[in-house]
Amino acid sequence: MHWTEYLVPLGQGAWVTVQLTFWSTIFGAILSFAAGIGKLSGFAAIRWLSVSYIEIFRGTSLLVQLFWLYFALPIVGEMAGIDLRFSPVIVGILALSLNIGAYGAEVVRGSIQAVTRAQYEAARALNFTPRQTLFRIALPQAIPEMMPPFDNLAIQNLKDTALVSLITLGDLAFRAEQLRNFTQDSTTIFSLVLIMYFGMALVLTAMMRVLARMVGRWRQTGR
Amino acid sequence: MLFGIEWDTSDNLTFAISILPILMRGLWVTLQAAVLGFFVAMVLGLVLAALKAVPARIVSWPTRVIAEFLRDTPLLIQLFFLYYVLPEFGLILPAFLTGALALGLQYSAYLSEVYRAGIEAVPRGQHEAARALDLTPRDTFIRIILPQAIPRIIPAMGNYLVAITKDVPILSVVTVLELLGVARIIGDRTFNYLVPLTMVGGIYLILTLLASYGVRRLDRSLPKTGIPLK
Amino acid sequence: MTDPIIKFDAVGKRFGSVTVLDGLDFEVAEGEKVTIIGPSGSGKSTILRILMTLESISDGVVYVGGEPLWHERKGGNFVPASESHLREMRRLLGMVFQSFNLFPHMTVLRNLTEAPVRVLGLSRAEARERGLELLDMVGLADQAKKFPHQLSGGQQQRVAIARALAMRPKIMLFDEPTSALDPELVGEVQAVIRQLAEEHDLTMLLVTHEMRFAREISDRVCFIDGGRIREEGAPEEFFTNPKEERTRDFLHAILADN
């Protein structure tokens with residue numbers, strides 16, 4: 001097989017990787033905000049739930065989480081009488097989102113807490129409710145601060161998608177391993193695959209930069 | 001049976017107790033891999049940091065690209081690359097060493113950033129003061145800069161040591177019998193994945209909670225820090 | 001005489017073991033312009049921060065508009081105020097901070113309209129009209145579309161004054177409004193405050209180190225030290241003929257600095 005022929009199956013795998021990264025980054029971001037804000041909540045139950053989620057998913061390994069959701073969760077479901085067997089795609093996106101969301105939650109919490117006390121006092125003096133203060137005053141200032149760490153997390157997430165190949169999902173890593181089995185041409189295949197991941201990471205970083213500029217537009221207006 | 005230790009599947013609790021010693025064997029391998037990988041990362045990271053700091057672009061620029069490449073590509077693929085490609089060049093390593101090397105490579109890129117940030121966090125005035133006192137560049141680095149940089153980087157290093165430990169399970173893919181690999185074999189043979197996998201999660205949780213407590217205490221006992229993780 | 005609009009009745013404030021206000025008694029009549037002066041750490045800013053509900057009290061009762069601020073009446077007794085009571089009371093007050101505290105992610109006009117729309121329930125058009133009017137008053141009508149970081153410190157503080165006024169408070173609190181400004185920018189901010197004092201029947205409470213300015217705009221000057229009011233009086237009398245030793249020392253020191 002000539003190396004150009006590898007590109008078709010690898011391209012198919014890369015497309016799966018792109019979709020996995022996209023969806024788990026979106027769901028991960030939602031979880032980040034929910035748990036990051038939840039950790040600062042005035043309600044003890046919400047705070048406790050958020051902290052438990054963050055600690056469990058940051059504290060254990062992604063691959064352990066992935067295998068647990070894929071192999072162990074169905075058994076829990078069986079014991080409880082519910083069908084908790086999901087397709088590899090669902091389990092993959094679930095594990096990736098939950099994992100990256102826990103890391104993102106700490107970023108969200110930290111950025112909200114980094115908004116100065118003076119801003120909260122001004123909001124209080126103008127009689128904004130706590131909810132209005134969060135959404136209209138604190139978050140718009142905190143979100144631009146979150147972008148550089150979010151960029152790192154998005155890259156982390158892209159890299160992490162490779163692990164879903166281990167639960168038989170046909171992403172780029174899976175196709176690479178399949179091709180290697182078939183052709184034994186490891187050097188070419190894995191070099192190609194590394195370059196493809198690197199390329200995707202560069203594109204992702206560029207996209208995150210554009211996003212960062214969009215959410216932080218008010219900071220760039222010149223004098 | 002694994003490592004000559006039998007298990008008892010009569011009920012979940014008995015099962016859990018019977019496989020604990022087996023999982024502990026796996027944990028021991030995990031910790032060894034993490035420490036060896038981290039050691040490789042510390043040394044390689046230092047090399048990368050030094051080369052990135054070389055004024056000549058012809059050296060620093062390619063180093064930067066290599067570090068970025070190591071950072072931005074999946075550990076799993078790097079591991080496969082080493083595992084399948086090195087033997088083609090006649091370098092046959094045991095799976096454990098290949099795994100530790102892969103961990104070390106990926107984390108060397110992270111650690112090189114930690115070193116750089118630590119050194120850059122020492123205020124410019126310190127360099128200027130050292131020059132004013134006529135210290136040699138070598139003495140400036142060893143006696144003035146490093147003693148101030150090291151306390152700043154230690155908490156970040158601690159966090160990366162925890163992170164590398166959480167990445168060790170990937171080595172199970174190339175047959176390293178670390179914690180997760182052992183748990184999967186038990187699951188495969190007993191058709192009970194729930195108990196061993198949940199135990200692995202629990203062991204990791206205990207490990208990281210203890211470690212982050214340790215890093216926090218260390219952080220508090222050290223002078224000024226301020227290097228972000230990842 | 002009508003009831004005072006602000007009344008501190010034996011108010012104590014402690015931070016841990018530090019006593020900031022020590023059984024403070026203090027009254028302000030409606031429409032009165034009062035300046036509070038005193039050495040740093042004397043608790044003068046704390047008085048404003050307590051009124052703005054940014055700081056709670058340890059003892060005593062604060063009344064604003066005849067109602068207890070930090071308490072609610074319940075069956076003849078005072079119980080600690082709920083958040084909704086504090087919200088109700090805050091409507092009477094506006095505050096200007098030392099470091100402006102404008103919202104950096106909003107345009108100047110948006111800084112003025114956001115709270116009237118969200119808190120008072122004004123329509124966008126009404127809030128906009130009110131905002132532009134106030135910007136005109138502080139001489140910044142042409143800066144409405146800029147962001148705070150594009151303005152000078154003096155301009156930012158004038159916007160902050162307009163922002164507080166947009167909520168139509170009955171009492172305005174100024175916490176060292178010119179201390180964070182470069183000397184050449186102090187005048188423009190003082191001019192706006194002076195205009196406000198002369199043309200409106202707002203009750204004003206000002207903490208400042210600018211003695212000449214205090215003398216110009218106040219009906220009464222209070223000297224606070226060690227958490228209590230040591231001397232108060234009409235500005236002419238206060239500055240030309242202080243009675244207390246401490247007041248003389250303080251005025252002497254601060255005038256020597258200028």
Side-chain angles (χ1 to χ4, degrees), chain A residues 17 55-76 78-79 99 103 106-107 110 148-149 152-153 155-156 158-166 172-173 176-177 180 184-191 193-202 204-205, chain B residues 12 30 65 68-89 106 110 162-163 165-173 179-181 183-184 187-188 191-212 228-230:
Chain A
T17 295
E55 291 299 325
I56 288 173
F57 282 89
R58 274 167 56 104
T60 58
S61 167
L62 172 60
L63 194 55
V64 175
Q65 292 156 20
L66 193 67
F67 281 176
W68 197 92
L69 291 173
Y70 193 64
F71 294 111
L73 188 64
I75 303 174
V76 176
E78 219 169 274
M79 289 175 356
N99 184 263
Y103 285 93
E106 286 294 279
V107 172
N152 285 338
L153 285 179
I155 299 290
Q156 185 69 43
L158 166 66
K159 294 195 298 175
D160 285 344
T161 57
L163 294 183
V164 300
S165 64
L166 303 176
L172 181 52
E177 180 59 11
R180 188 203 60 82
Q184 297 299 320
D185 186 6
S186 332
T187 314
T188 317
I189 294 165
F190 287 119
S191 302
V193 168
L194 282 172
I195 290 167
M196 287 169 84
Y197 271 110
F198 189 48
M200 287 191 272
L202 293 181
L204 188 56
T205 296
Chain B
N12 277 347
T30 297
V65 173
E68 201 58 44
F69 191 87
L70 289 174
R71 252 163 79 97
D72 286 355
T73 50
L75 176 58
L76 180 69
I77 310 294
Q78 293 176 8
L79 178 65
F80 278 151
F81 189 90
L82 294 180
Y83 190 71
Y84 292 117
V85 175
L86 287 185
E88 288 189 9
F89 294 90
Q106 174 127 97
Y110 290 127
V162 175
T165 312
K166 286 188 280 185
D167 271 346
V168 173
I170 296 176
L171 308 197
S172 65
V173 177
L179 188 52
L180 183 66
R184 273 206 69 186
D188 286 342
F191 300 104
N192 184 343
Y193 288 99
L194 179 61
V195 171
L197 286 178
T198 307
M199 286 175 76
V200 171
I203 291 169
Y204 259 104
L205 205 54
I206 294 169
L207 212 60
T208 49
L209 287 179
L210 283 177
S212 57
L229 173 67
K230 289 198 183 182

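Chain identifiers are assigned alphabetically (A, B, ...) following the order of the sequence lines, protein sequences preceding nucleic acid strands; residue numbering begins at 1 within each chain.
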- Assert top hit (heavy-atom pairs under 4.5 Å, partner chain A, pool B:T198, B:V195, B:T165, B:L209) equals B:T198
- What part of B:L180 gets closer than 4.5 Å to chain A, counting heavy atoms only: side chain, backbone, both or neither? side chain
- Task: Counting only heavy atoms closer than 4.5 Å, note whether A:S165 contacts chain B via side chain, backbone, both or neither.
- Result: side chain
- Task: Pick one of side chain, backbone, both or neither for A:M79, based on which atoms fall under 4.5 Å of a heavy atom in chain B.
- Result: side chain
- The reported gap from CD1 in B:I206 to OG1 in A:T60 (rounded to nearest 0.5 angstrom) is 12.0 Å
- Task: Against chain B, work out which of A:L163, A:V193, A:L166, A:L172 has the most heavy-atom pairs shorter than 4.5 Å and name it.
- Result: A:L163
- Could you go through the side chain to side chain contact (heavy atoms under 4.5 Å, CB included) check for B:Q78 and A:L194 one step at a time? CA-CA 8 Å; B:Q78 293 176 8; A:L194 282 172; 4.1 Å; yes
- Note on the structure: Highest number of heavy-atom pairs under 4.5 Å with chain A among B:L76, B:T208, B:I170, B:T73 belongs to B:T73
- Query: Measuring heavy-atom distances to chain B, does A:I56 have an atom under 4.5 Å in its side chain, in its backbone, in both, or in neither?
  - Reply: both
- Engaged part of B:R71 at the chain A interface, taking heavy atoms whose separation is under 4.5 Å: both
- Toward chain B, the part of A:Q184 with a non-hydrogen atom under 4.5 Å: backbone
- By a 4.5 Å heavy-atom criterion (distance strictly below it), what part of A:I155 contacts chain B: side chain, backbone, both, or neither? side chain
- Query: Distance from B:R184 atom CZ to A:L63 atom CG, nearest 0.5 Å?
  - Reply: 8.5 Å
- Ranked by heavy-atom pairs below 4.5 Å to chain A, first place among B:F80, B:F69, B:Y84 goes to B:Y84
- Task: Using the side chain to side chain contact (heavy atoms under 4.5 Å, CB included) rule, take B:F81 and A:S186 through it: C-alpha gap first, then chi angles, then the decisive distance, then the call.
- Result: CA-CA 7 Å; B:F81 189 90; A:S186 332; over 6 Å; no
- Task: Check the pair A:F71, B:L194 against side chain to side chain contact (heavy atoms under 4.5 Å, CB included), reporting the backbone distance first and the verdict last.
- Result: CA-CA 7 Å; A:F71 294 111; B:L194 179 61; over 6 Å; no
